[in-house]
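What follows is a single structure, written as structure tokens, with notes after it.
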Amino acid sequence: LQIFRSILICVAMLCTYYVYRKLPLTTASAIGFTSPLFTASFAFLFLKEKLSFKQWIYIFIGYLGVLVIIPPSSLVMSKEIWIALLANALAS
């Protein structure tokens with residue numbers, strides 16, 4: 001499990017470096033703020049963590065905040081944005 005975790009972290013770092021090279025810094029940083037949101041969601045799914053309705057609302061507002069920060073030209077969800085989301089999901 002430790003080796004698998006190390007591989008996931010390495011892939012996440014490589015994806016993050018790629019995204020910071022390809023996307024504008026503001027967009028890449030905004031997408032980077034989704035990492036805690038992924039962590040809370042994964043804790044609910046895999047660790048059976050109890051999240052209240054209020055916490056789910058906060059997570060949803062957090063995702064909406066990231067969507068507001070991303071420029072409208074990027075809303076077509078380019079390959080780099082998907083890679084940035086993948087990096088945050090793997091790091092979480």
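What's counted below: heavy atoms across the whole structure, side chains too, no hydrogens, waters or symmetry copies.
The side-chain contact (heavy atoms from CB on, under 4.5 Å) test with Glu80 singles out one residue from Thr27, Leu85, Leu23, Ile31, and that residue is Leu23.
Applying the side chain to side chain donor-acceptor pair (under 3.5 Å) rule to Ser29 yields no partners; only residues at least two apart in sequence or on another chain are considered. The side-chain contact (heavy atoms from CB on, under 4.5 Å) test applied to Leu14 returns no partner, not counting sequence neighbours.
Using a 4.5 Å cut-off between side-chain heavy atoms of Ile, Leu, Val, Met, Phe, Trp and Tyr, with links allowed through other members, Tyr63 and Ile83 fall into the same hydrophobic cluster. Linking Ile, Leu, Val, Met, Phe, Trp and Tyr whenever their side-chain heavy atoms come within less than 4.5 Å puts Val11 and Phe4 in one cluster. Note: the hydrophobic cluster containing Met13 does not contain Ile3 (ILVMFWY, side chain heavy atoms under 4.5 Å, direct or indirect links). Cluster annotation: Leu64 is not connected to Tyr58 through the hydrophobic network of ILVMFWY side chains, with a link wherever side-chain heavy atoms come within less than 4.5 Å. Linking Ile, Leu, Val, Met, Phe, Trp and Tyr whenever their side-chain heavy atoms come within less than 4.5 Å leaves Leu86 and Ile9 in two separate clusters.
Residues Tyr18 and Lys79 have side chains in contact (heavy-atom distance under 4.5 Å, counting atoms from C-beta outward). Put simply, the side chain of Leu51 reaches to within 4.5 Å of the side chain of Ile59, judged on heavy atoms. The shortest side-chain heavy-atom distance between Tyr20 and Thr16 falls under the 4.5 Å cut-off.
Considering every non-hydrogen atom in both Asn88 and Gly32, the closest pair reads ND2-CA, 3.6 Å. Of all non-hydrogen atoms in Cys15 and Ala87, the two that sit nearest each other are CB-CB, 3.5 Å. Taking all atoms of both residues into account, the shortest heavy-atom contact from Ser35 to Ser92 is O-OG, 3.0 Å. Minimum heavy-atom separation, Leu37 to Gly62: CD1-C, 3.5 Å.
Under the ring-ring contact (aromatic ring centres under 6.0 Å, His included) criterion, the residue pairs touching residues 22-49 are Phe38-Phe42, Phe42-Phe46, Phe44-Trp56, with sequence neighbours excluded.
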Ser78 vs Ile81, side-chain contact (heavy atoms from CB on, under 4.5 Å): CA-CA, chis, key distance, verdict: CA-CA 5 Å; Ser78 66; Ile81 290 179; 3.8 Å; yes

Step-by-step side-chain contact (heavy atoms from CB on, under 4.5 Å) determination, Phe53 to Ile57: CA-CA 6 Å; Phe53 182 73; Ile57 294 295; 3.7 Å; yes

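Note that the CD atom of Gln55 and the CD atom of Glu49 stand 8.0 Å from one another [nearest 0.5 Å].
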